[in-house]
Every structure is written in C-alpha cells, then in structure tokens.
Amino acid sequence: MPDTPASAPSIVRVAIDRPLNRLFDYRSPPDRDVRPGMRVRVPFGPTRLTGVVMEAGVTSEMDPGRLRAVSEVLDATPILPDSLRELLGFGGRYYHHPIGEVVLGALPPALRRGRPLPEAATPEPLWAVTEQGHRALADGAVRGERQRAIVAALADPDSAPGGRLDRPTLAGILGRRPAPRELERLAERGWLECRPPEHPTDVPPEADSAAARPLTPEQQAAVDALTPGEARPLLLEGVTGSGKTEVYLRMAERVVARGEQVLVLIPEIALTPQLAARIQARFPGRVALLHSGLAEGERLRAWASAARGEARVVVGTRSALFTPLPEPGLIVVDEEHDAAFKQQDGFRYNARDLAIKRGQLEAIPVVLGSATPTLETLQAARQGRYTHCPLRTRPDGTAPPRIEAVDTRVHTPDEGLTSPLLDAMQATLAGGQQCFVLLNRRGYARTLACDHCGWVADCRHCDARLTVHAGNPRAVCHLCGHHEPVPDRCPECGAELARRGLGTQRLEQALARHFPQTPLIRLDRDSIRHKGALEEALERIRSLDAAIVVGTQMLAKGHDFPRVGLVGVIDVDQGLYSVDLRAAEHTLQLIVQAAGRAGRGEAGGRVLLQTGHPEHPLIRGLDAADYTAMVRPLLDERAESGFPPFGHLALVRVEAEDANTAETRAGEVATPLRRAAASGVRVLGPAPAPRHRVNRRYREQILVQSGDRRALHATLHQARRAWEGLTLPREVRIALDVDPVSLA
DNA sequence: AGCACGCCGACT
DNA sequence: GTCGGCGTGCTC
C-alpha cells in the first residue's frame with residue numbers, strides 16, 4: 001500500500017446499514033490510525049450511523065470538498081478480520097445484495113448499534129442436577145412446567161451428556177432463556193448445583209460413552225482423511241446412527257489440540273439440541289453457542305469470546321458462519337441438506353455454500369455431514385471436488401430398515417390409514433416397540449368445502465385454502481397465519497360443510513380410535529408451540545415402551561429414539577408429483593431420514609410408504625442403505641433439464657399491492673434481463689408465482705437459468721444496474737434469489 | 001431504508 | 001392563510 005503524503009487527508013471507505021449497493025468515502029481523523037475492519041460512527045445525510053471500514057488509505061472519486069469526516073472511531077483494533085471481510089464482499093456480490101447490509105448484518109445487534117466490544121468475560125458457570133434433584137424429579141416433586149423442564153433437561157443424558165450445561169446451552173434446549181434467578185431458586189431447594197467451568201481433564205470419560213468406544217474403520221478413515229494443510233471439503237455421508245457426531249468430535253479434538261478453532265453449523269438448535277450438548281460436554285467451558293434464542297448480551301459475549309479466541313469451538317445456526325475466528329482450523333456443516341441453511345429473506349445466502357467459500361479463503365477444510373446430501377454436494381463428491389467418506393455401517397451393528405410400499409389403490413385408506421399399515425403397527429406395538437406415523441400436514445382437515453354449492457374456505461389475504469384446526473377450533477391459513485372461526489354451515493347456501501383431507505390432528509384422532517390403550521403423542525409445530533414442549537415430548541417418548549408418535553417432518557429431524565420399530569409415511573405421492581424443483585428430492589430425504597429413526601433396536605425396523613404409485617422409479621429404487629443409488633433418477637432428470645447441479649438458477653420476484661401493477665412492473669423488470677442475457681442464459685417469465693397472492697400482495701416471478709455461472713451472474717449484474725434507473729412506485733419490490741431452494 | 005423537500009386539499 | 005398528504009430524490 002503506497003504511503004499517503006502527510007498533507008493529503010487519509011480517506012476510508014465505509015459500509016453502512018442501508019440498502020445501497022456501494023461504500024461511502026470519509027476523511028479519517030488525522031490523529032487516529034483507522035484500519036479496515038474497525039467500526040466508525042459517520043454522518044450520513046441528516047443522521048449518524050455505525051459503519052465498518054472496508055478500505056483505508058484510498059483515493060476517492062468524490063470531489064474532496066464533498067467528503068465529510070468520520071465522527072468517531074469505535075474500535076481500537078479491527079473486529080472483522082480480512083478473511084471475513086473478503087467473505088462478506090464475496091457474499092454481497094454473489095447474492096447481489098447491498099454490501100452494507102451484508103457486512104453490518106454479520107455483526108451481533110449490539111455491535112451493529114455501536115456498543116463497545118466487551119472485555120474478556122468470565123466463562124459461564126455450569127449447572128448440574130444433584131442426587132436430591134434426581135430423586136425429586138423421579139418422585140414428581142418438581143412442580144411447575146418451567147422448573148420441571150429445566151431439571152429434566154439437565155437430568156437427561158441425551159440432552160445433557162456429562163450432566164452439566166451452561167445457561168446459554170440450556171436456553172437452546174428449552175427454547176427459552178431460564179432467568180438466573182430460576183436456576184438459583186432450584187439450587188436453593190437443593191435440586192441443582194452450580195459449578196465453575198472446569199478444565200477438560202475434569203470431565204469423566206463416562207460422561208459420553210461414545211468417547212470411550214473405538215471408532216469403526218469407516219469412522220477412523222473419515223477422521224484420518226482430514227489432514228493438516230489439505231483444505232478440500234469433505235462429504236461425510238452417513239445414515240442416522242452411523243456415528244457422524246463422533247467423527248466431528250474426534251476431528252474437533254485434533255484441531256483443538258493443535259491450537260486451532262472449530263466452527264460447527266447446525267440447522268436449527270431447538271430441533272436438535274443433542275449435538276450442541278454433546279459438543280459442550282466434550283469441550284467444557286470452551287464452547288461458544290450462537291443461536292436466535294440468546295439475549296442480545298449473551299449473543300455479544302459468545303461472539304466476542306470466539307473473536308478473541310477464548311472459545312475454541314463455536315456452535316451455531318446459519319448466521320454463526322460470520323463469527324470471526326483468529327485461529328480457524330475446521331468448519332463442520334451438520335445436516336448440510338437442510339433448507340434452514342438458506343436465508344429466505346433479505347440477504348438470501350446459503351450458509352452451507354458460503355461455508356465452503358470461507359474454507360477456501362481461510363485455507364481450512366469444511367466437513368459436510370448428512371445421511372441425505374443434496375444433489376449439489378453428491379455431484380461435487382462424484383467429480384472429486386469433495387472427498388467422499390461414507391459411513392455405511394452403524395456402530396451398533398444393526399441392519400438398515402426395510403422400506404416397503406403399500407399400494408393405496410389396492411388397500412383403500414380410511415382416515416389415511418390402510419390395513420397393512422394398521423396390522424404392522426399392531427405387531428410392532430405388541431413387540432413392545434414404538435410406531436412413528438408421518439404426515440406432512442398439520443391441522444385437522446386440509447380444507448373446508450360445501451358439497452352442495454362448491455364453496456371452499458379460502459384465505460382472504462392469500463391464494464390458499466384454510467386448514468381446519470381442532471382443539472381450539474379455527475380455520476387457519478398456513479401461508480400468512482390468518483385465522484377465523486369455523487363456520488357451521490356454508491355461507492353461500494347454508495348446507496352442511498364437509499371437512500376434507502387429512503392433517504396430523506385428525507390422524508391422531510383416528511389412531512386413538514384404533515389403539516385406545518396405547519400412549520399417543522403428536523409432534524408438530526402446533527403441539528410444541530409453548531416453550532420447552534419439544535423437550536418434554538421427546539423426554540416422554542424416550543421414557544415409553546410401546547407408543548405411537550404422529551407428526552410432521554419434525555419427527556424425522558436428528559432426534560435419537562432407541563425403540564422405534566416401524567415408521568409409516570401416510571402420503572408420499574404429494575411430494576413425488578409436485579412441480580417444485582426440489583419436492584421429489586425433499587421427499588426422498590424425508591423418507592430416508594424417517595427410516596433412520598426405525599430399527600435402532602436389535603429387531604431391525606420397517607418403513608411402510610402408502611402410495612398410489614408403487615411402480616414409480618423413485619419408489620422402486622428406495623433403499624435406505626444406499627442414498628446415492630436412490631437419487632440417480634433425480635440426477636438424470638436434472639441433467640436433462642439443466643437444473644442444479646447441472647445448471648444454475650436465479651429467481652427474480654416482483655411484488656406489488658395489486659395484480660395489475662405486479663404484472664406490468666414485472667414486464668419492465670424482465671426487459672433489461674432479456675437485453676443483458678448473454679448466450680447460454682435463459683430468461684423465463686414473468687409468470688405469476690406459484691403462490692400468486694400472499695399477505696394481500698401479488699407476486700410475479702422471472703426465472704433466470706444458465707449452464708454457465710459466470711454468464712448468469714454477469715446478466716444479473718447488468719440487469720440490476722438497469723433496474724436502478726427504473727422509476728418504480730415505492731410499494732413495488734424486487735427480490736433476487738440466487739440459487740433458490742424452492743421455486744414456490 | 002430514512003429523511004427532507006416540495007407542491008396541492010380542508011382546517012383554525 | 002397553514003397543517004399535512006405522500007411522490008421524488010439523495011445520502012460520501
């Protein structure tokens with residue numbers, strides 16, 4: 001960098017939290033060394049804003065007289081290192097999102113607002129259940145939902161291996177933050193004890209039985225595939241129970257042992273608290289946990305402890321990807337196929353893809369773990385761009401479950417249930433095992449309709465049918481949340497209304513009639529609405545022998561259940577024949593993930609799929625032991641259509657308050673896209689979005705597709721500049737989604 | 001995104 | 001006469 005003469009004012013280029021796709025130049029104070037990565041306070045129009053210096057010592061294109069001066073320098077040293085700023089710059093360009101929002105969005109809210117970075121913090125103390133507490137829990141003496149949830153979470157070796165958790169981790173498991181006073185009160189009653197964070201040597205090895213068990217040859221091979229200096233991404237493909245977590249932990253141990261930090265990304269902390277808890281148990285006092293359930297101060301402290309290098313392992317959801325690590329050594333993306341890694345509004349980044357990029361920039365390996373990797377990841381592994389480490393055998397030696405189809409044309413379902421499924425359930429329950437029944441629609445009935453005049457209950461804000469919910473009876477829109485009372489009679493003709501289609505609530509009722517003696521638990525977004533309910537339900541499932549659990553895809557997510565003998569999938573056809581880009585892929589993933597719940601016991605499990613199309617190639621190819629073989633027809637289909645991973649997509653959505661405006665403006669938005677489109681870039685649309693009206697707004701969409709990523713991005717870039725010259729009404733919004741997960 | 005400036009309708 | 005409606009344009 002050339003020295004600037006002492007007389008010329010030094011100029012810094014600053015990112016600010018405004019949707020403007022450029023940086024702003026300021027004169028930096030003559031007496032202070034303002035370096036890239038530091039936060040500054042700058043005048044912006046009539047106000048002052050917090051910004052991040054992206055470049056320093058630059059010359060400005062601006063007329064020097066128009067430059068204003070930095071008002072205040074907020075950091076003594078940079079809080080965003082070079083590599084992260086580079087990652088954020090890349091992210092802004094790749095996803096075509098304003099750089100300032102990207103950069104400021106990477107900071108915890110407290111830092112975004114200009115608060116100082118806290119000094120080194122004392123580590124969070126760890127909480128554990130006392131002997132007395134265990135007895136009280138067993139005797140039912142722990143009264144109060146909240147108190148019981150806390151003690152139960154700490155007492156459960158699945159949620160708290162090692163029996164000790166700090167408050168932020170507990171918050172992730174409970175889905176709410178227990179107040180310090182709540183914990184203290186439990187300690188005063190003698191049920192909990194509080195210990196200072198200990199050294200790793202204090203952890204009893206029996207805290208996690210997997211830590212003592214030798215690795216299988218496949219696990220060992222995966223751990224050994226991670227060689228220092230080799231920064232290639234690694235796909236760890238393993239079914240549930242194949243011991244992926246133990247592989248992550250052993251890799252992390254090696255990385256931490258050589259003085260480097262580990263970042264672990266997980267899809268959603270509330271649904272999979274076990275991984276976070278196991279990591280916490282293996283690296284006590286050295287883990288920072290970052291998730292949306294944290295209070296602002298806690299989030300700031302966790303972020304700062306990672307940034308200062310105190311936390312050696314950082315575990316977090318999507319946005320934790322942007323945590324600074326002074327000594328990075330490894331990034332793990334667990335359940336890499338999960339759509340939760342894609343941000344669905346604003347800066348629409350995919351944390352999995354940006355994790356790969358971060359790995360490149362930091363020259364460290366990235367491990368992608370899944371039983372059902374995305375087609376993008378499988379293809380990269382097939383081409384040798386990623387190292388592929390399969391874990392085919394389960395450490396407990398059990399066989400993968402058998403997957404069988406039940407032909408619903410032969411066996412007509414009653415309330416969603418066919419006789420072969422009911423018979424299989426009967427047998428499973430008789431054997432003392434559990435049955436999981438999966439239906440991807442919550443509520444009671446899918447629609448409310450009049451058989452007499454054809455009226456159906458529609459949402460007044462969206463293009464969607466209202467779903468009938470039982471219990472507190474309401475008709476609910478699953479798109480916008482609008483709800484209204486369920487009418488007794490048809491508002492048009494007064495005839496009796498029919499409740500059509502099946503939801504989890506109705507299925508639950510039907511199952512209760514078939515199996516009146518069997519404990520029945522429902523698990524969906526409605527049943528776990530109140531905080532800690534998921535943990536309670538999981539706890540109950542684990543405590544039972546024969547039982548039926550009915551629920552949505554939530555059932556198939558990472559929880560560990562030892563006694564599931566049978567998984568029934570009520571309706572797979574919906575996913576197989578949906579027009580959406582990834583519907584079939586997601587259905588296969590769901591089936592395999594669900595199958596992973598079955599047969600952890602010695603008996604081996606069964607999966608029954610109810611379908612009207614048992615001859616469908618994807619159904620015929622189902623084999624829980626070989627996902628790669630299962631998805632081959634999908635890959636062939638994508639290759640033919642030029643869809644990912646064989647081509648690249650971007651979706652442009654134009655939204656307005658009325659349908660006409662949306663349509664005409666979408667046309668104006670499409671024109672520069674067409675004009676900019678290089679050869680090999682296709683522009684499809686505009687067309688009404690599959691969900692045309694949502695929340696009283698109308699949406700049109702344009703799909704841009706190309707086999708050449710660079711050509712696609714050049715097109716988007718050029719079109720975007722043309723859009724800036726467009727005079728659109730304020731209410732019209734253009735949203736650009738690069739690498740969309742769904743076209744709906 | 002904010003926020004100010006600016007140019008036309010019903011109020012003290 | 002003026003308070004305020006939100007259309008348009010700028011922010012180093």
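Hydrogens, waters and symmetry mates play no part in the numbers below; they use all other heavy atoms, side chains included. Just so you know, these numbers come straight off a predicted model, no measurement behind them. Below, chain A is the first sequence line, B the second, and so on; all start at residue 1.
- A:S706 meets the side-chain contact (heavy atoms from CB on, under 4.5 Å) test with A:V681, A:D708, A:A711, A:L712; sequence neighbours excluded.
- Residues A:E336 and A:S370 bring no donor and acceptor atom of their side chains to less than 3.5 Å of each other.
- The only member of A:R115, A:R41, A:R113, A:R112 that meets side-chain hydrogen bond (donor to acceptor under 3.5 Å, both in side chains) when paired with A:T50 is A:R41.
- Using cut-offs of 30° and 60° on the angle between ring planes, the pair A:F24 and A:F44 is perpendicular.
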Can you list the steps and then say if A:T374 with A:E585 is a side chain to side chain contact (heavy atoms under 4.5 Å, CB included)?
CA-CA 8 Å; A:T374 54; A:E585 184 186 1; 3.9 Å; yes

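- Atom CG of A:L289 sits about 10.0 Å away from atom CD of A:E298, to the nearest 0.5 Å.
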So which protein N/O to nucleotides 10-12 of chain C N/O distances come out below 3.5 Å?
unit_1 : atom_1 : unit_2 : atom_2 : d
C:dT11 : OP1    : A:R66  : NH2    : 2.8
C:dT11 : O3'    : A:G45  : N      : 3.1
C:dC12 : OP1    : A:Y26  : OH     : 3.4
C:dC12 : OP1    : A:P43  : O      : 3.1
C:dC12 : OP2    : A:G45  : N      : 3.3
C:dC12 : OP2    : A:R68  : NH1    : 2.6
C:dC12 : O3'    : A:D25  : O      : 2.8
C:dC12 : O3'    : A:R68  : N      : 2.8
C:dC12 : O2     : A:D25  : N      : 2.7

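- One interatomic measurement links the two molecules: CD of A:E101 to C1' of B:dA1, which rounds to 8 Å at whole-angstrom precision.
- Only one option out of A:T467, A:D524, A:D526 pairs with A:R442 in a side-chain hydrogen bond (donor to acceptor under 3.5 Å, both in side chains); it is A:D526.
- In this structure, A:H483 has its ring center no closer than 6.0 Å to that of A:H478.
- Residues from residues 721-728 of chain A with heavy atoms under 4.0 angstrom of DNA chain C: there are none.
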